Amino acid sequence: MTSADSRQTPGGASDPEAAPDPAAAAGLQALAVELRRMNGEINRMTHGFAAHQRLHPTDVSALAAILDAPAPLTPGALREHLGLTSGAVTACLDRLERAGHIRRARESTDRRVVHIHYEPSARMAARDYFMPLAEATARARARFGEAELTTVLRFLAAMNEELSQAPPARH
């Protein structure tokens, strides 16, 4: 009988009063620790890039959203993605445009619609700065087989999906 089976009632239902499986709890705890550590390391590098470029960390989050978007974003879509006010997004875009990281363009037939583009020269600056992250990623990837990497990628995609659907923390 596995420890998961021991938490079931004789009729097969789960017993909510049963103690959690220590192995599962340790695995979840270890996973949470590693995810927080990775998040912290990426934040450290992101904050360093922001300081190097004389930007706010939120500006770097905006740049990442613009870079990762499958199509040019509008300020409204960026506002929704970042959870900022329209005024805060405008200030962020003004800083990014002044620093040469983005350009705004009115490309559609509706001249009110603005699209945000990541400037190629800014991509090069980011690529140069984040090269150690790319190299670390390549070294870590080399330790795993394709099947393992496929599983990791599925897990990260599932985590991102779950997190995007999670309600904000309540105070």
Side-chain angles (χ1 to χ4, degrees), residues 19-102 116-171:
D21 179 357
L28 182 58
Q29 177 66 21
L31 184 61
V33 167
E34 292 304 322
L35 286 171
R36 282 192 299 270
R37 282 186 59 205
M38 184 174 68
N39 187 52
E41 292 301 325
I42 290 172
N43 281 341
R44 179 181 58 81
M45 293 187 84
T46 300
H47 283 86
F49 179 74
H52 183 260
Q53 294 291 312
R54 294 185 172 92
L55 298 172
H56 189 277
T58 301
D59 299 345
V60 179
S61 295
L63 284 174
I66 294 163
L67 178 65
D68 294 342
L73 290 177
T74 63
L78 184 61
R79 179 187 59 75
E80 281 184 30
H81 178 79
L82 296 175
L84 299 175
T85 65
S86 56
V89 167
T90 298
C92 171
L93 292 175
D94 288 346
R95 287 189 301 270
L96 291 172
E97 195 167 44
R98 273 194 308 272
H101 288 276
I102 62 146
I116 307 161
H117 298 274
Y118 205 136
E119 285 289 5
S121 60
R123 283 179 193 253
M124 293 301 292
R127 189 174 295 133
D128 290 346
Y129 187 89
F130 287 105
M131 187 55 68
L133 176 59
E135 291 167 347
T137 302
R139 285 190 306 273
R141 281 187 87 243
R143 297 180 198 166
F144 298 89
E146 284 303 312
E148 291 172 303
L149 290 169
T150 298
T151 300
V152 169
L153 189 57
R154 277 189 24 242
F155 170 77
L156 292 173
M159 277 296 299
N160 285 326
E161 178 64 26
E162 290 294 330
L163 291 172
S164 74
Q165 301 302 315
R170 289 181 247 162
H171 300 281

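Note that these values count all heavy atoms, side chains included, but never hydrogens, waters or copies made by symmetry. Every value quoted in this text rests on a predicted model; they were computed, and no experiment measured them.
Taking every heavy atom of both residues into account, Ser86 and Arg79 meet most closely at N-CD, 3.5 Å. Nearest heavy-atom pair, Gly100 versus Ala122, reported as atom, atom and distance to 0.1 Å: O-CB, 3.8 Å. Nearest heavy-atom pair, Ala62 versus Cys92, reported as atom, atom and distance to 0.1 Å: CB-SG, 3.6 Å. Considering every non-hydrogen atom in both Pro75 and Ile116, the closest pair reads N-CD1, 3.8 Å.
Two residues are said to be in side-chain contact when any heavy atoms from C-beta on lie closer than 4.5 Å; Leu67 and Leu63 fail this criterion. The side-chain heavy atoms of Glu146 and Arg141, taken from C-beta on, include a pair separated by under 4.5 Å. Side-chain contact between Leu35 and Met159: present, with at least one pair of heavy atoms (C-beta onward) separated by less than 4.5 Å. Contact check for Phe144 versus Val152: no side-chain heavy atoms found under the 4.5 Å cut-off. Side-chain contact between Leu78 and Leu84: absent, with no pair of heavy atoms (C-beta onward) separated by less than 4.5 Å.
Using a distance-only test at 3.5 Å, with no hydrogens or angles considered, a donor-acceptor pair links the side chain of Asp59 to the main chain of His56. Judged by distance alone, with hydrogens and angles left aside, the side-chain atoms of Glu148 form a donor-acceptor pair with the main-chain N or O of Gly145 at under 3.5 Å.
To the nearest 0.5 angstrom, Leu73 atom CG is 10.5 Å from Glu80 atom CD. Residue Met38 holds its CE atom at 10.5 Å from CG of Asn43, rounded to the nearest 0.5 Å. Separation of atoms CD (Glu41) and OG1 (Thr46) is listed at 11.0 Å; rounding is to 0.5 Å. From Gln53, atom CD reaches atom CG of Leu96 across 10.0 Å, with rounding to the nearest 0.5 Å. For the atom pair CG (Leu55) and NE2 (His47), the distance works out to 12.0 Å, reported to the nearest 0.5 Å. Rounded to the nearest 0.5 angstrom, Met45 CE and Tyr129 OH are separated by 6.5 Å.
The neighbour count for Arg123 CZ, taken as heavy atoms of other residues, nucleotides or ligands under 6.0 Å away, is above 12. Residue Phe155 places its CZ atom among more than 12 non-hydrogen atoms of other residues, nucleotides or ligands, all under 6.0 Å distant. With a 6.0 Å radius and a threshold of 12 heavy atoms from other residues, nucleotides or ligands, Glu135 has its CD atom above the threshold.
In this structure, Phe49 and His101 have perpendicular ring planes: the angle between them is above 60°, well past the 30° mark.
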